[in-house]
Every structure is written in C-alpha cells, then in structure tokens.
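Written out below as structure tokens is the structure these notes cover.
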Amino acid sequence: MAKNSTTREAAPPTQIQAFDAVVVGAGFAGMYMLHCLRRLGLTTRVYEAGGGVGGTWYWNRYPGARCDVESLQYSYSFSEELDQEWNWSEKYSPQPEILAYANHVADRFDLRSQIVFDTRVIAATFDETSKTWLVETDRGDKVTARFCIMAVGCLSAPNRPLFAGMRDFRGPIYHTGEWPHDGVDFTGLRVGVIGTGSSAIQSIPIIAQQASQLTVFQRTATWTVPAWNEALSAEYLKHAKAHYPELRAKARARPTGFYFPFNIQPALQASAEERETQYEEAWKRGGLPFLGSYGDLLFEKAANDTIAEFARQKIRGIVKDPATADLLCPQNVFGCKRLCVDTGYFETYNLPHVRLVDVSKTPIERFTAGGILVDGVEYEVDAIVSATGFAAMTGSFDKIKITGRRGRTLAEKWRAGPRAYLGIASEGFPNLFMITGPGSPSVLASMIQAIEQHVDWVADCIAHMRDVGASTIEPSREHEDAWVAHVNDVSTVSLRSTCSSWYVGANIPGRPLVFMPYIGGFPVYVQKCNEVMNSGYDGFALEGARDCNAPPRIHFTERWQVPLDMDVISPAAVAAKRVPVV
Ligand code: N01
C-alpha cells in the first residue's frame, strides 16, 4: 500500500485555514468528491479518521470480508481507462483487493496530498455572517470552507451493544467493523460470535477453520444465498472489458443500480413445478440476483412464502442436525433484511466443533470472566467477535456536532428520524451536502454507483452556484417534507418495510423507526435529481444568485441521463405505486 503523504505525524494542526470545500471521509465517496472538486478548481481539504483511504474497506478487515455485488460492477465507472486497466481476480472481490483498488485510485488520480488521515471531524458549525462552515477535528484543526460535504458512509458507525459484565471478560472482544489490521489468529481458541448478519455469515466459516470451538449466538436467523464465488479468467475479463460501457449503461437503468438477470413474471402466476425449476436455477447462479427470480417476491407475502420455503428446504438439506437446521430457518420475509451472500455458511454447522445458541427468546444475560451466559448456561470462550452491525445511515452524522442556522443541530432536527431533500441536503444547513444520505437509494443500490451519481450532482450544483454567484444553497422545508413523506410512502409498498432491520433503525434500541433509504428505484431517483437540477434547482433556495433561472451547465451529471429499463418493472410494482421498488 502506498504511504499516506499527509499523516498525523507529517502535518501539524492548522489554524483557521480557509478552503472552498471540506470533505469528511476518504472512502469511495470522499475520494471521488475530491477528484471532481479538483477538476472544478476548488481548494479542498479531506479529513479521514482512518489511516488510509477506502472507508468501509479500510475498517472491515474481518476474515472472509468481500463484496456481494460482482466486482466488475462494484467499482467506479467515471473513468473508462480505470475500468480497462484494473483487473479483478474474483467474481466477488475480497476486502484486501477492494482496498488495493481504493489505494490504486488514490495514487492514479493523485488524491493523497489533499487528504489528512488519522483525523476525525468532531464539529461543523455554520456561520451565518460569513456563510462558511467552521470544521473542527479531534487533533485541533479548525478550518473554514464554503461547502461542507459529508462523505461519511452509510454503514460506518459500529453498533456495540452493551452487555452486562463486558469488563469481566478476560479475553479480547473484536468488532467486525473495526478489525485489527494485523489480523487475528484464532488457532486453537474457543471463539464466540454474536450476530448472524452479513459480517457474521462471511466470517463464521473462516473462523471455524481455525477455532478449536465456535459458538454462534443467534438472535434472528438470516436468509443467505450461496455466492458461488470463482476466479475470473483472462478471457472473461477481456470479454467483459470489451463491453464495459454497455454493462455500465445497463446497470444505471436498473432499480438496484447494478445489472443481473431479473424475471418480472409474478411467482403466483407460475405453477409449483415452474417455481421449483426457476428457484433451482437461480440458486445455482447464487448471490443477490436470487431475489430477482420473480417480480412479486417483495410485494406479495404469498409469493414471498414460496421462495422462503424453497430456501428453508435448502437449509434443511444442508444442515444435518434437524434441531440446528430448524433454528437456522428464518421465519421472517425472505429478503426483508438485507439478503446475505455466503460461502459455506450452513455447511459450517455440520462441523463437530461448531454450535448454535438461540438468543431470540432468552437474550445474552451477561459476559463472565470466561464466557457468555445465556439462560443460566455459561458458554466458555477465549475470544468474542461482535458481528453486531452498525448504526446505519445516520450513525456517522451522530458522531459529529453539526450546527446549522440559528444554532440548531442536525441531531436535534433528526431526533424523530432523518430529514433531507433527496437525501442530499437538509433545510437549515446551507451548503452542507450529504453523499448517499438518508432518503437516497444508497444501500438499496450498488453503493459505488449511488455515490458517483450523488457526487456528480453535487459537483454540478457547486459549479452552477459559482456560475450564478450564489453564496448558499438550501432546500425549502416544504420540498424536504414532501420528499421525506414520499420516501416513507413508497417504502410501505414493499414487504421490506415490515421487519425490524437496520433499514428502519430497528437494530439500535431507542432509535425512531423510519425507513431510511429511498426504495423507489435508482433510475427513478436519478430522474428526479436531474429534473430538480434542470429546472434551476427546484425546491432549493439559492441566496445571492445573479441569475437564478440560468440553466445549469452540466459537467458531470450528463452520464446519468439514462432511461429506466422498463423490462425490469414488475407488474406488481407498477400496480402498487408505479415505481420499480427494489
Ligand atoms: O450487521 P447486521 P452486519 N444480541 O446488522 C445481531 C453490509 N455488509 O455487519 O437480526 C444478539 O446485518 C443482529 O441480530 P438481529 C450489508 O449491507 C455487507 O452483519 O438484530 N445479537 C444481527 O444478527 C449488511 O446488511 C457485506 O436480531 C445481536 C447481527 O447482530 C450491513 O453491512 C458484508 C445483538 C448484526 O447484523 C450490516 O451487516 C458485511 C444483541 N444485543 C456487511 N445486537 C457484503 O457482503 C445485534 N445483534 C458486501
């Protein structure tokens, strides 16, 4: 990995340095934002809490971590040269390769010199007189900027449930989202894993290869589909690269922002035999596209029951002990929580040294010096892995004291749930942009595509403000309220809104239950963003603009002028709300 050129040691704290823009975070969002702002000629400072670029992929180094969108699509699309020169080795890249890619991008586009690493932004305060943001860090930096861009990630603030007796436990406790950089050797150890979400499902099979005993504490059984991961051959890559632009265009037109075969026919109109064949074929292809077996699976409970029962039969076919198989069979809606993609997850429970403990009815009572106590039984472990997820979507905002007009903080404004127009900006917080904020497709789309579309839009908006001499931009309360209501309304169409997932904040006790990502489909959302832009930023107030009605000059957003792929709009979605809900 290339050395960071601006590190805590290398750069002394600066005092009230002025920039055009400050970007918080140097993950995929922050890096691309910096790249665009530089192309516009803005002076920019990026602060990154980690010691390197990559965001999620910098922190999530747990064993087995890899993406669940195919690598060829889980990558930047803004540079065709980059697409052509980078070679992914596997269908689903492992974390080290994605991090190497992030580092390659940082070097190739010479981004490091404007990023300050190992430095966490702790406060951002809007000054109404100078119309600038004062940004403060945990190392004493104070800088001002006209624009403050939060590229803080949707799944970046680890959720660490407080268990009684945590301090009594003699061994190490690891969180998958903040994994030690030198790795962890579990050889010969008794390991306890808490949680069975994506991080647990990826890491459990690998930890089981090392541990002398593995105990998994499961609160909710999880739907997971085999990845059937494989190496990508040179011929495959050559063919894929020859057709990369078409693949990117097809992906942008999809509700999910990435391309995969999708059958819009309703499951309920197929016979039981047809469904069996369809599910079997889709299972053999594996991954998230399994959910694209039929068009009504996330709208009709009866349709969902058919895919759920097929997947339960698969679990019962793999797991030899019937009681364990029963426990591993989810009873909630298939794909309601984020669907997981695994390699050998259920097979792991056939190993003699792996056991499953149900904590759904009797929660973990406490940690003891030597283990975890559940229902009066002490499960002895030497190390604990907390695969307990994240305070999703808003957790990273909560960590920064963001103060807007009239001294009101974002935390106060969002107490009853996040409110942002298009998931990009929030009334009362001028010139503060969010990349994949709540109310945008974000986690329901392919993240990097969602990021690029937001960054391009924000970059064009900033360029427009410069063109018309606007000092601030801020959404109106009325438009923001209407968008928040729309996001909520559309979510009720989908069965995804019916379970206690992190999509609604239900994984963190006390959080308001609000469906946070926009589920109405990536192209529909992009169209809305384009309409807002082309109408001269409808719903936004531009302060001090010379010519508010001047049409924006589009530099970056051009490539998002894509028609919705009508082939993937299921009749069920259309009947429900005329949106291709994902
Ligand atoms: O977190 P999660 P994650 N006692 O919230 C359990 C992305 N991601 O890190 O379901 C006992 O899904 C909790 O139980 P329950 C992806 O979008 C992607 O695994 O709340 N258990 C659950 O089982 C993903 O969805 C990849 O009842 C407790 C688990 O901990 C998102 O990140 C890989 C508990 C948390 O699961 C989050 O995934 C990894 C308690 N007190 C992550 N508290 C890819 O494949 C929580 N749990 C790209």
Side-chain angles (χ1 to χ4, degrees), residues 28 55-57 59-71 73-74 91-95 98 153-164 166 174-179 192-204 215-227 229 256 258 286-288 328 330-332 335-343 345 356-367 372-374 384-393 395 436 442-448 450 496 499-509 511 516-517:
F28 280 91
T56 287
W57 302 102
W59 297 104
N60 283 263
R61 298 172 188 238
Y62 60 83
R66 62 176 72 242
C67 58
D68 58 5
V69 170
E70 292 187 16
S71 316
Q73 298 190 62
Y74 191 84
K91 182 176 170 187
Y92 298 110
S93 296
Q95 173 273 333
I98 303 173
C154 297
L155 294 158
S156 308
N159 168 35
R160 300 174 184 282
L162 289 176
F163 297 104
M166 282 177 98
Y174 305 102
H175 192 286
T176 45
E178 280 183 1
W179 202 256
V193 175
I194 301 173
T196 50
S198 297
S199 305
I201 277 178
Q202 289 184 330
S203 56
I204 282 168
T215 310
V216 178
F217 298 87
Q218 172 186 276
R219 189 164 69 180
T220 309
T222 304
W223 294 114
T224 176
V225 178
N229 187 36
T256 49
F258 66 102
L288 298 177
L328 287 168
Q331 299 305 322
N332 56 7
C336 190
K337 294 187 182 205
R338 168 81 173 200
L339 185 61
C340 297
V341 179
D342 73 277
T343 298
Y345 175 66
L356 184 65
V357 177
D358 178 17
V359 297
S360 62
K361 295 175 202 73
T362 50
I364 290 171
E365 268 172 61
R366 58 178 296 114
F367 289 7
I372 293 178
L373 195 68
V374 179
I384 294 173
V385 174
S386 199
T388 45
F390 303 91
M393 308 289 295
T436 63
S442 56
V443 291
L444 293 176
S446 175
M447 270 313 296
I448 299 184
R496 279 195 217 254
C499 71
S500 57
S501 65
W502 58 255
Y503 293 135
V504 293
N507 62 330
I508 311 285
R511 265 190 152 195
M516 292 181 281

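Counting starts at 1 for both ligands and their atoms, in listed order.
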| query | Which protein residues have a heavy atom under 4.0 Å from ligand 1? | reply | Y62, R66, C67, D68, L155, P161, F163, I194, G195, T196, G197, S198, S199, Q202, R219, T220, K337, R338, A387, T388, G389, F390, W502
Do any N or O atoms from the side chain of [X] and from the backbone of [Y] form a donor-acceptor pair under 3.5 angstrom?
X: T176; Y: A387; answer: no
X: S71; Y: S93; answer: yes
X: N159; Y: T388; answer: yes
X: Q218; Y: L328; answer: no

| query | Are the aromatic rings of W179 and Y174 close, with centres under 6.0 Å apart? | reply | yes
| query | Are D68 and R338 ion-paired here, with the side-chain N under 4.0 Å from a carboxylate O? | reply | yes
